[in-house]
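Chain letters run A, B, ... following the sequence lines, proteins first, then strands; residues in each count from 1.
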Amino acid sequence: MTVFYLFASIAVGASLLVIAQRNPVYSVLLLIASFGALSGLYILLDAPFVAVIQIVVYAGAIMVLFLFVVMLLNAPQEDTEFDARTHPLLRPGPMKFGALLAAAFTGELIWALTRAGGGSGGFAGGAVSSVEALGRILFTDYAFAFEVTSVLILVAMVGAVLLARRDDRPGSRF
Amino acid sequence: MPSLNDYLILAAILFAIGTAGVFLRRNLITILLSIEIMLNAVNLTFVAFGRALGSADGQIIVFFVMTVAAAEAAVGLAIVISLFRHRESLNPETFTLLKW
């Protein structure tokens with residue numbers, strides 16, 4: 001339980017700092033810390049495969065892609081004057097609405113889940129944690145979804161190349 | 001030992017943090033990062049439910065969610081780069097061409 005609270009507090013604290021940071025580079029690095037804590041939680045849930053791909057794919061590949069783009073764009077920081085002047089809850093329109101929505105959402109979910117009373121003291125039954133078993137299921141029951149995923153990745157790759165391409169032809173708007 | 005509810009509450013808190021980030025931040029990169037937080041909260045729910053039900057499906061679905069997240073990050077960042085070339089800004093308030 002102590003380990004759970006340790007990882008949970010790291011995850012929540014790092015995620016809060018992600019959306020509180022002005023500098024996008026720090027946001028990305030803090031999100032990597034949050035993903036590390038989540039990976040620890042997956043270990044607690046007897047899911048070592050998910051924990052490893054969380055680190056390798058998410059923290060290693062996707063977040064490095066983010067970091068790469070942040071540094072490539074030399075991203076300007078947000079309008080700090082506007083942010084410093086007004087607290088999120090005092091800002092007009094959608095921002096206030098969003099903050100209230102998020103607060104209400106958390107409150108509702110915690111209320112519902114604490115009322116549910118789903119017992120305390122771990123999980124009953126065994127866990128499927130071996131990579132062998134997961135691979136067997138992935139390539140039999142979910143074989144079609146797995147193949148479709150490869151098409152998705154291909155389409156995303158083509159789309160990313162097309163969108164980020166610089167077109168130097170005269171008269172081109174892209 | 002933490003119970004299923006503990007994991008679900010944690011996932012709910014993380015998801016709400018992501019929602020707040022999408023609404024509160026004025027930076028396209030941070031908004032994409034908030035979406036990643038939300039996706040991870042959902043992944044945690046899947047794994048926790050899969051563990052509680054003794055099923056492997058939760059972990060399999062997390063695998064697919066991560067694939068979709070990777071595709072979304074690639075396309076989203078390409079759009080961000082493309083937008084940044086036009087306006088030299090990452091503030092979504094700058095891109096109001098389609099706003100009625």
- Would you mind telling me which of A:V155, A:I53, A:V28, A:I137 has the largest number of heavy-atom pairs within less than 4.5 Å of chain B? A:I53
- Any chance the side chains of B:N43 and A:Q54 put a donor and an acceptor closer than 3.5 Å? no
- Structural part of A:M157 lying under 4.5 Å from a heavy atom of chain B: neither
- Message: I need the B:L44 CG to A:Y42 OH distance, nearest 0.5 Å.
- Response: 5.0 Å
- Note on the structure: Between the OG atom in A:S27 and the CG atom in B:L33, the distance rounded to the nearest 0.5 Å is 6.0 Å
- Message: Quick check on A:L101 against chain B: is it the side chain, the backbone, both or neither that has a heavy atom closer than 4.5 Å?
- Response: side chain
- Query: Are any of the side-chain heavy atoms of A:V18 and B:S34 separated by less than 4.5 Å?
  - Reply: no
- Item | Toward chain B, the part of A:V161 with a non-hydrogen atom under 4.5 Å | neither
- Message: Using heavy-atom distances under 4.5 Å, tell me whether A:L134 contacts chain B through its side chain, its backbone, both, or neither.
- Response: both
- Can you tell which part of B:V62 gets under 4.5 Å to a heavy atom of chain A, answering side chain, backbone, both or neither? side chain
- Query: Pick from B:V68, B:V80, B:T67: which one has the most heavy-atom pairs with chain A under 4.5 Å?
  - Reply: B:T67
- Message: Within the structure provided, determine whether B:Y7 and A:L44 are in side-chain contact (heavy-atom separation under 4.5 Å).
- Response: yes
- Task: Fit a plane to each ring of B:F64 and A:Y142, take the angle between them on a 0 to 90° scale, and name the class: parallel (under 30°), tilted (30 to 60°) or perpendicular (over 60°).
- Result: tilted
- Note on the structure: Rounded to the nearest 0.5 angstrom, the CZ-CG distance for B:F84 and A:L72 is 9.0 Å
- Message: Is any side-chain heavy atom of B:I13 closer than 4.5 Å to one of A:F105?
- Response: no
- Item | Approximate separation, where rounding is to 0.5 Å, of A:L152 CG and B:E72 CD | 11.0 Å
- Query: Rounded to the nearest 0.5 Å, how far does CD of B:E36 lie from CG of A:L31?
  - Reply: 7.0 Å
- Can you tell me if B:R25 uses its side chain to pair, donor with acceptor, with the backbone of A:I19 under 3.5 Å? yes
- Proximal component of A:I153, with respect to chain B [non-hydrogen, under 4.5 Å]: side chain
- Item | Portion of A:L65 that has a non-hydrogen atom of chain B nearer than 4.5 angstrom | both
- A:F66 versus chain B, the contacting section by heavy-atom distance below 4.5 Å: both
- Quick one: what part of A:A145 sits under 4.5 Å from any heavy atom of chain B, side chain, backbone, both or neither? both
- How many angstroms lie between OG in A:S34 and CG in B:N40, if you round to the nearest 0.5 Å? 7.0 Å
- Measure distances from A:F68 to the heavy atoms of chain B and classify the residue's part below 4.5 Å as side chain, backbone, both or neither. neither
- Note on the structure: Okay, A:L38 and chain B: the region with an atom under 4.5 Å from a heavy atom over there is side chain
- Message: Is it the case that atom CZ in B:R85 sees more than 12 heavy atoms from other parts of the structure closer than 6.0 Å?
- Response: yes
